Amino acid sequence: MNFSEVFKQSNQLCKVSPDGKYLATCVQYRLVVRDVNTLQILQLYTCLDQVAHMEWSSDSLFILCAMYKRGLVQVWSLEQPEWHCKIDEGSIGLLSSRWSPDGRHILNTTEFHLRITVWSLCNKSVSYIKYPKACQKGLDFSADGRYMALAERRDCKDYISIFVCDDWHLLRHFETETQDLAGVEWSPNGCVLAVWDSCLEYKMLLYSLDGRLLSTYSAYEWSLGIKSVAWSPSSQFLAIGSYDEKVRILNHITWKKLIEFEHPATITSSKAVVIHYLISDEIASLPVQVTVVKPDLDRANPKIGISAVAFSADNRYLATKNDNMPQSLWVWDMQRLGLQAVLEQTAPVRCFVWDPRKPRLALCTGNAKVYLWSLAGCVSVKVPAEGNFQVQSLFWHGNGDSLVLLGKDQICLCYMHTSSCSVPVTLILSK
């Protein structure tokens with residue numbers, strides 16, 4: 001592995017362009033665009049205030065910078081640096097801003113979720129969508145960019161509206177069988193829309209594009225329910241993490257439960273590899289006690305249950321994190337439907353993400369190290385940056401050849417060239 005020099009950033013605002021050529025970072029009110037290979041500065045833009053959100057357009061030609069406190073959005077062009085666009089939502093305020101899939105429309109959600117404003121960069125037209133619901137994930141685009149699903153709340157009932165993104169006309173509008181809808185997410189193939197209820201009621205609803213209810217799944221009643229949801233890249237599996245510390249996998253044929261993964265405090269499975277990072281990296285002998293933190297169940301949003309689930313790019317593995325076992329990351333084999341590995345860290349796992357090209361997992365815990373796991377083994381590497389660089393979060397470049405590491409107010413790139421590794425690493429081979 002090789003590491004770049006360290007650069008400044010603010011608010012963790014650092015994004016690689018969709019075409020993989022550029023790296024954009026925000027430093028206070030400045031937007032810096034670099035060549036992702038040489039890290040040379042290509043463009044420098046000055047915004048009207050400190051940037052709260054930054055996002056590339058799908059074709060990598062424009063960058064959106066949102067300043068929520070001032071209700072402003074500025075758009076910058078990479079091809080024409082002198083061109084720029086300013087959107088002012090005025091007194092109605094601005095809560096969130098994002099691109100449409102075509103990279104030529106901007107969707108602004110106003111304060112108190114009064115409406116969504118659709119601004120066109122092509123003809124300067126403006127459209128309004130009423131009644132967007134304030135919830136965990138109330139808007140989602142299909143992977144092909146053709147459709148947008150929007151959760152709505154009116155007359156004390158939940159609805160879904162499906163819009164065609166070409167001209168924003170309403171394709172379907174239907175009521176959902178939810179008490180308090182919490183999120184919507186398209187399957188990667190765009191055929192099924194997953195809709196789930198708030199944590200107060202365990203309910204997963206699956207709808208077709210035309211609004212037909214395909215299936216309803218509920219694992220239990222009278223207890224905190226769904227906490228996290230993830231589709232497999234093939235759309236064959238839907239993983240549901242819940243407050244009872246279990247992950248349930250639904251199959252795409254019958255939409256029934258295929259398997260249930262538990263997260264026990266004592267690991268006894270001989271087919272699982274438990275990797276400790278306590279003093280030195282080592283494979284622990286079974287049985288193994290996992291570090292458990294007792295949550296305060298009298299407080300809102302208790303630190304218990306499966307808060308994060310993610311499939312590897314090849315659908316082979318599923319990574320999960322149980323909030324009351326914060327120092328452990330669990331990896332499940334989706335072919336044999338069993339536990340593959342448990343990565344036990346010295347501190348709570350802050351962030352984990354799969355390589356977009358191969359079954360390789362990167363994670364960080366807020367210290368100066370990066371951890372990588374694959375079936376071949378496990379590597380921990382200290383970032384050789386000057387000063388006290390603590391990795392708070394990370395993400396992969398789209399080609400899987402490098403990682404972008406984010407500290408509190410700095411970034412560093414980690415290149416996956418092990419043959420020219422310039423820092424000491426520790427390798428542990430799995431069974």
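Predicted model only: the values in this text are computed from it and were never measured.
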* To do: Would you check, one step at a time, whether the test side-chain hydrogen bond (donor to acceptor under 3.5 Å, both in side chains) holds for Thr320 with His263?
  => CA-CA 9 Å; Thr320 62; His263 296 68; 2.8 Å; yes
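- A cation-pi contact, defined as under 6.0 Å to the ring centre and within 45° of the axis, is absent between Arg248 and Phe261.
- Classified by interplanar angle (parallel below 30°, tilted 30° to 60°, perpendicular above 60°), the ring pair Tyr207/Phe174 is tilted.
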* Using the side-chain hydrogen bond (donor to acceptor under 3.5 Å, both in side chains) rule, take Gln12 and Ser393 through it: C-alpha gap first, then chi angles, then the decisive distance, then the call. => CA-CA 8 Å; Gln12 308 280 294; Ser393 64; 2.8 Å; yes
* To do: Begin from the C-alpha positions of Val391 and Lys369 and carry the test side chain to side chain contact (heavy atoms under 4.5 Å, CB included) through to its verdict.
  => CA-CA 7 Å; Val391 186; Lys369 288 186 176 182; over 6 Å; no
* To do: Could you go through the side chain to side chain contact (heavy atoms under 4.5 Å, CB included) check for Met148 and Leu171 one step at a time?
  => CA-CA 10 Å; Met148 179 183 81; Leu171 180 67; over 6 Å; no
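- The backbone N or O of Val164 lies less than 3.5 Å from no partner atom in the side chain of His169, so there is not a single donor-acceptor pair.
- When atom types are taken as modelled, the side chain of Ser58 and the backbone of Pro101 share a donor-acceptor pair closer than 3.5 angstrom.
- No donor-acceptor distance shorter than 3.5 angstrom exists from the side chain of Asn11 to the backbone of Leu13, with no hydrogens or angles considered.
- Annotation: side chain of Trp83 is in contact with side chain of Phe62 (closest heavy-atom distance under 4.5 Å).
- A side-chain donor from one of Asn108 and Ser97 sits under 3.5 Å from a side-chain acceptor of the other.
- Rounded to the nearest 0.5 angstrom, Leu406 CG and Cys14 SG are separated by 5.0 Å.
- In this structure the side chain of Met204 never reaches within 4.5 angstrom of the side chain of Thr216, judged on heavy atoms.
- In this structure, Ser198 OG and Leu181 CG are separated by 9.0 Å, a value rounded to the nearest 0.5 Å.
- Between Tyr22 and Trp56, the ring-plane angle classifies as parallel under the 30° and 60° cut-offs.
- Surrounding CG of Asn301 are at most 12 heavy atoms belonging to other residues, nucleotides or ligands under 6.0 Å away.
- With a 6.0 Å radius and a threshold of 12 heavy atoms from other residues, nucleotides or ligands, Tyr29 has its OH atom at or below the threshold.
- Proximity of a side-chain donor or acceptor of Trp119 to a complementary backbone N or O of Ser125 within less than 3.5 Å is not detected.
- Residues Leu318 and Val247 are in side-chain contact: their nearest non-hydrogen atoms beyond the backbone lie under 4.5 Å apart.
- Side-chain N or O atoms of Ser218 include one that pairs as donor or acceptor with a backbone N or O of Tyr202 at under 3.5 Å.
- Side chain of Lys203 to backbone of Glu177: a donor-acceptor contact under 3.5 angstrom is found.
- Taking the charged nitrogens against the carboxylate oxygens, Glu185 and Lys137 do have a contact shorter than 4.0 Å, which makes a salt bridge.
- Within the 4.5 Å cutoff, the side chain of Ile304 has no heavy atoms near those of the Asp323 side chain.
- Between His173 and Tyr159, the ring planes are parallel. Angles under 30° get that label, and only those over 60° would be called perpendicular.
- For the atom pair Ser307 OG and Asn322 CG, the distance stands at 8.0 Å (nearest 0.5 Å).
- Contact check for Val33 versus Leu23: no side-chain heavy atoms found under the 4.5 Å cut-off.
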* Kindly determine whether Arg336 and Asp333 satisfy salt bridge (Lys or Arg N to Asp or Glu O under 4.0 Å), including the steps that lead there. => CA-CA 6 Å; Arg336 63 179 181 84; Asp333 188 327; 3.8 Å; yes
* Asked: Run the side chain to side chain contact (heavy atoms under 4.5 Å, CB included) check on Phe389 and Phe3 step by step: do they pass?
  -> CA-CA 12 Å; Phe389 187 90; Phe3 292 83; over 6 Å; no
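- Atom-to-atom distance recorded for Leu403:CG and Leu372:CG is 6.5 Å, nearest 0.5 angstrom.
- Looking at Met334 and Phe311, their side chains come closer than 4.5 Å, going by heavy atoms from C-beta outward.
- By the 30° and 60° cut-offs, the orientation of the rings of Trp332 relative to Trp330 is parallel.
- If you take CG on Leu413 and CZ on Arg34, they are separated by 10.0 Å, rounding to the nearest 0.5 Å.
- With Ser312 contributing its side chain and Tyr317 its backbone, the two residues share a donor-acceptor pair below 3.5 Å.
- Residue Asp409 holds its CG atom at 7.5 Å from OG of Ser10, rounded to the nearest 0.5 Å.
- Remark: Lys8 NZ is loosely packed, at most 12 non-hydrogen atoms of other residues, nucleotides or ligands lying under 6.0 Å away.
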* Asked: Taking it one step at a time, do Val381 and Val379 satisfy side chain to side chain contact (heavy atoms under 4.5 Å, CB included)?
  -> CA-CA 6 Å; Val381 185; Val379 177; 3.5 Å; yes
* To do: Verify salt bridge (Lys or Arg N to Asp or Glu O under 4.0 Å) between Asp102 and Arg146, making sure each step is shown before the conclusion.
  => CA-CA 9 Å; Asp102 66 357; Arg146 295 178 63 188; over 6 Å; no
* To do: Assess whether salt bridge (Lys or Arg N to Asp or Glu O under 4.0 Å) is satisfied between Asp158 and Lys133, documenting all intermediate values.
  => CA-CA 8 Å; Asp158 291 327; Lys133 183 171 184 182; 2.9 Å; yes
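- Looking at Ser234 and Gln236, their side chains do bring a donor and an acceptor atom within 3.5 Å of each other.
- Judged purely by atom type and a 3.5 angstrom limit, Glu152 has no side-chain atom pairing as donor or acceptor with the backbone of Gly138.
- No donor-acceptor pair closer than 3.5 Å links the side chain of Arg357 to the backbone N or O of Arg360.
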* Asked: What's the verdict on salt bridge (Lys or Arg N to Asp or Glu O under 4.0 Å) for Lys21 and Asp35, showing C-alpha distance, side-chain angles and the deciding distance?
  -> CA-CA 6 Å; Lys21 296 179 180 179; Asp35 182 292; over 6 Å; no
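- Counting heavy atoms from C-beta on, the side chains of Trp196 and Glu201 never come closer than 4.5 Å.
- Lys303 NZ: 12 or fewer foreign heavy atoms inside a 6.0 Å radius.
- Gln9 places a side-chain N or O within donor-acceptor distance of the main-chain N or O of Gln410, the cut-off being under 3.5 Å.
- Put simply, the side chain of Lys246 reaches to within 4.5 Å of the side chain of Glu262, judged on heavy atoms.
- The closest side-chain donor-acceptor pair between Glu344 and Ser328 falls under 3.5 angstrom.
- Closest approach of Val292 and Ala265 over heavy atoms only: CG2-CB, 3.9 Å.
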